[in-house]
Amino acid sequence: MLAFLVRRLLQSLAVIFGVTVITFVLTRMLPGGVARAILGPRASPAEIAAFNHENGFDLPGWQQYLFYVQQLLHGNLGFSYRLNESVGGLLGDHLPKTVLLLGVATLIALGVAIPLGVLQAVRRNRVEDYFFTSVSFALYSMPAFWIALILIQIFASPPLNLLAPIGPQGPISTYLEPDQLTALILPVASLALVTIALFSRYMRSSMLDNLVMDYVRTARAKGVSNAGVLYRHVLRNALIPIVTLLGLSLPGIFGGALITEAIFNYPGMGFLFWDSARTRDYPVLLGVTFVVAVATVVGNLLADLFYAVVDPRVRIAE
Amino acid sequence: MSVRAAVPEVPGRPGPGVPAEGGEVRVTGTTWAMAARVFAENRLAIAGVVFVVMVFLFCFLGPLLYRTNQINTDIANITQPPSPAHLLGTDNVGYDLLGRLMVGGQTSLEIGLTAAILATTFGVLWGAIAGFIGGWLDQLMMRIVDSMLAIPTLFLLLVLAAMFVPSLPMLVFIVALVAWLTPARLIRGETLSLRTREYVDAVRVMGGTDARIVVRHIIPNTIGTIMVNATFQVADAIIVIASLSFLGLGVPPPATNWGGMLSDGVGYTFAGYWWLVYPAGLLIVLTVVAFNLIGDAMRDAFEVRLQKR
């Protein structure tokens with residue numbers, strides 16, 4: 001177990017190192033260089049040279065990279081000249097909101113998708129199964145932004161006019177106030193819907209994989225009731241791959257959050273990122289990219305470790 | 001290469017030509033024939049194929065039968081409801097919508113297919129080489145893949161689309177740049193088990209080079225995985241391009257794609273211009289569903305196990 005842990009940790013470190021190389025290379029690939037991106041098209045060559053010298057961009061590439069990594073290690077993710085604020089400071093405002101949105105939506109998605117997957121597996125190839133399989137297939141094949149806009153059209157416009165079409169705009173401490181809470185419903189729902197479509201498909205096939213296992217026959221032979229087999233044996237084993245799925249689908253969920261936040265003007269990290277992409281605010285783009293990538297790596301690592309804890313076969317097979 | 005060598009063996013299940021337990025020999029035809037038979041039994045998949053063919057005819061032959069002006073805007077005739085002159089009405093700058101669906105579909109399909117082919121070719125080679133050579137090179141190549149996979153697709157795409165003006169070839173390149181990672185991982189995994197097979201030793205004994213083993217033996221044996229993954233990639237690319245268009249970084253006008261049409265159209269939902277929203281949206285969903293159905297059926301036919309989906 002310890003060897004497995006150490007190996008996975010080292011791998012994750014290597015991947016994070018790789019991510020720093022990628023974001024560094026992306027900065028150097030900026031058309032016209034960093035100076036041009038920050039000072040604008042009207043900057044004179046002298047100004048650019050001065051900026052480059054001041055920020056060390058005239059040094060050899062490897063020195064610049066070491067400096068970049070040193071800055072990252074000190075928690076300095078860059079500085080947004082457009083918003084006149086450090087990327088770290090911006091993330092301090094925006095990141096908690098995204099974590100909240102993702103967390104709530106993912107929990108709801110799990111809460112719906114797991115029972116749904118069980119139902120589909122138990123009633124496989126019957127009307128219920130076909131219905132939910134088709135619905136999740138369709139949701140899965142829809143652009144996420146369209147789902148969100150259909151939700152807005154149904155719930156946030158006449159005649160129903162039940163909910164707000166924009167997410168909560170205040171600081172995160174006010175989210176429990178009634179109007180902020182209702183504003184949160186549609187962003188969470190649209191993100192959860194996409195995730196449910198993905199998770200329930202997995203849950204269904206994971207249940208089906210386990211239902212044909214030998215241990216199911218053994219349990220039945222010992223006289224365990226149908227419900228007992230299902231919930232005490234099959235469900236518990238079928239949930240294990242869902243943990244990995246959770247880790248693997250983290251990038252996808254981040255992407256979904258980006259689109260959801262863009263549609264509902266939800267001031268999270270995804271919205272910040274989208275806004276920066278449209279205004280070509282490269283320091284923010286690259287800083288956020290780095291943070292999201294680290295979050296993904298850590299999420300995958302946790303999923304793997306959890307998997308190894310609950311399923312000893314993984315450790316042995318490695 | 002003999003046809004028999006291309007038969008992938010499924011663990012726990014003797015393939016054709018391989019003596020089964022008890023010594024009897026089961027020969028039921030080539031992989032392709034067997035796969036085709038399983039595929040043809042899947043009615044949903046056949047429906048998917050028929051739909052994809054119809055969409056291709058609609059997009060590429062349609063403009064020959066239904067001629068419209070897709071270059072110049074027609075400000076006098078914007079957002080017209082469907083009429084005999086414009087079968088599906090006109091959009092917010094006066095383009096005929098049915099004609100626009102054909103042109104936009106060409107872009108969506110072209111990007112989807114080209115990106116999928118590019119990404120698959122590169123990813124397969126990368127994965128096969130890494131898995132076959134192994135050692136530190138494998139570690140290095142796969143950590144590169146992992147590092148890129150760690151950055152969520154949409155984030156990486158937005159950074160790239162913000163940096164480079166998204167022309168059509170640039171979009172294909174950007175989408176492919178992100179999409180090659182999955183096939184690289186899958187093929188590497190298969191190569192790890194394929195490289196220890198006896199036929200690899202046999203080629204080596206006969207003096208075959210490493211390049212020959214990879215290109216002529218390893219890769220053909222992963223064809224099921226390759227094709228299944230490529231099919232899913234077309235579906236994914238269509239959605240990704242749509243999302244990019246919605247986020248404001250799609251193909252520049254007068255070119256368009258279904259995603260761009262949909263995201264332009266949803267702005268007019270509340271004005272009641274349904275023809276600007278639903279035709280494009282339905283075409284996206286149905287085409288993506290069709291490709292996913294085909295991919296699912298091929299996975300069953302080739303008995304491929306993918307980590308994703």
Side-chain angles (χ1 to χ4, degrees), chain A residues 11-12 14-23 26 29-31 37 137-138 140-146 149-150 152-153 157-158 198 201-202 244 248-256 258-259 262-263 270 273-274 276-282 285-286 288-290 292-294 296-297 300, chain B residues 44 139-140 142-165 178 235-236 238-249 258-259 262-263 265-267 269-270 277-278 280-282 284-293 296 307-309:
Chain A
Q11 264 181 10
S12 300
V15 168
I16 289 178
F17 164 75
V19 171
T20 63
V21 174
I22 293 173
T23 45
L26 282 174
M29 271 163 54
L30 286 179
F137 216 93
Y140 190 73
S141 305
M142 268 170 96
F145 68 90
W146 198 28
L149 287 160
I150 288 176
I152 291 181
Q153 207 188 343
S157 49
L198 174 71
R201 281 188 73 178
Y202 263 102
T244 323
L248 276 181
S249 51
L250 211 55
I253 300 179
F254 273 124
L258 198 164
I259 289 176
I263 288 173
F273 189 82
W274 177 54
S276 309
R278 286 186 307 167
T279 49
R280 312 273 196 272
D281 191 351
Y282 298 111
L285 283 180
L286 297 169
V288 174
T289 304
F290 179 72
V292 174
V294 171
T296 309
V297 172
N300 274 329
Chain B
L44 280 174
Q139 286 292 324
L140 177 71
M142 290 332 280
R143 291 300 87 77
I144 292 175
V145 170
D146 287 349
S147 304
M148 288 189 73
L149 270 176
I151 303 175
T153 313
L154 211 51
F155 285 75
L156 192 55
L157 284 174
L158 267 184
V159 173
L160 292 171
M163 286 169 62
F164 308 103
V165 186
V178 176
D236 286 350
I238 292 175
I239 294 265
V240 159
I241 293 288
S243 303
L244 274 183
S245 300
F246 173 75
L247 295 169
L249 293 153
W258 289 336
L262 175 61
S263 59
V266 285
T269 311
F270 298 107
V277 185
Y278 293 99
L282 280 179
I284 294 179
V285 176
L286 291 176
T287 310
V288 172
V289 166
F291 274 109
N292 280 335
L293 286 175
D296 275 352
Q307 342 158 254
K308 271 190 118 182
R309 279 179 231 250

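What you see is a predicted model; the values in this text were computed from it and never measured. Every chain is numbered from 1, with letters handed out A, B, ... down the list of sequences.
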**Request:** Could you tell me which portion of Ile238(B) (side chain, backbone, both or neither) has an atom closer than 4.5 angstrom to a non-hydrogen atom of chain A?
**Result:** neither
**Complete:** Closest non-hydrogen contact found for Ser141(A) with Ile239(B) is O-CD1, 3.2 Å
**Request:** Count the heavy-atom pairs under 4.5 Å between each of Pro152(B), Gly281(B), Gly259(B) and chain A, then report the option with the highest count.
**Result:** Pro152(B)
**Request:** Report the option among Leu247(B), Leu157(B), Ile151(B), Thr153(B) that has the most heavy-atom pairs separated by less than 4.5 Å from atoms of chain A.
**Result:** Leu247(B)
**Request:** Would you mind checking which part of Leu26(A) comes under 4.5 Å of any heavy atom in chain B, side chain (CB onward), backbone (N, CA, C, O), both or neither?
**Result:** both
**Pick from Leu160(B), Leu293(B), Val145(B), Val240(B) with the largest number of heavy-atom pairs that fall under 4.5 Å of chain A** = Leu293(B)
**Item:** 4.5 Å side-chain heavy-atom contact, Arg143(B) and Val15(A)
**Value:** yes
**Prompt:** Below 4.5 Å, heavy atoms only, C-beta onward: do Ser276(A) and Val288(A) meet side chain to side chain?
**Reply:** no
**Message:** Taking every non-hydrogen pair under 4.5 Å, which of Phe145(A), Phe254(A), Phe17(A) racks up the most with chain B?
**Reply:** Phe145(A)
**Message:** Does any part of the side chain of Leu158(B), heavy atoms only, come nearer than 4.5 Å to the side chain of Leu258(A), both counted from C-beta?
**Reply:** yes
**Under 4.5 Å from a heavy atom of chain A, the part of Met142(B) involved** = neither
**Top contributor to chain B contacts, counting heavy-atom pairs under 4.5 Å, from Ile150(A), Val19(A), Val297(A)** = Val19(A)
**Message:** Please classify the contact of Ala262(A) with chain B as side chain, backbone, both or neither, using a heavy-atom distance under 4.5 Å.
**Reply:** side chain
**Asked** Looking at side-chain heavy atoms only, is the closest gap between Tyr202(A) and Leu248(A) below 4.5 Å?
**Response** no
**Message:** Please classify the contact between Val294(A) and chain B as side chain, backbone, both or neither, with a heavy-atom cut-off of under 4.5 Å.
**Reply:** neither
**Item:** Max heavy-atom pair count under 4.5 Å with chain B, selected residue of Thr244(A), Val292(A), Leu285(A)
**Value:** Val292(A)
**Message:** For a 4.5 angstrom cut-off between non-hydrogen side-chain atoms, does Trp258(B) reach Thr287(B)?
**Reply:** yes
**Request:** Report yes if the side chains of Ser147(B) and Val21(A) come closer than 4.5 Å at any heavy-atom pair, otherwise no.
**Result:** no
**Request:** Apply the ring pair (Phe, Tyr, Trp, His ring centres under 6.0 Å) test between Phe155(B) and each candidate in Phe273(A), Trp274(A), Phe290(A); give the one that qualifies.
**Result:** Phe273(A)
**Request:** Would you mind checking which part of Ser263(B) comes under 4.5 Å of any heavy atom in chain A, side chain (CB onward), backbone (N, CA, C, O), both or neither?
**Result:** both
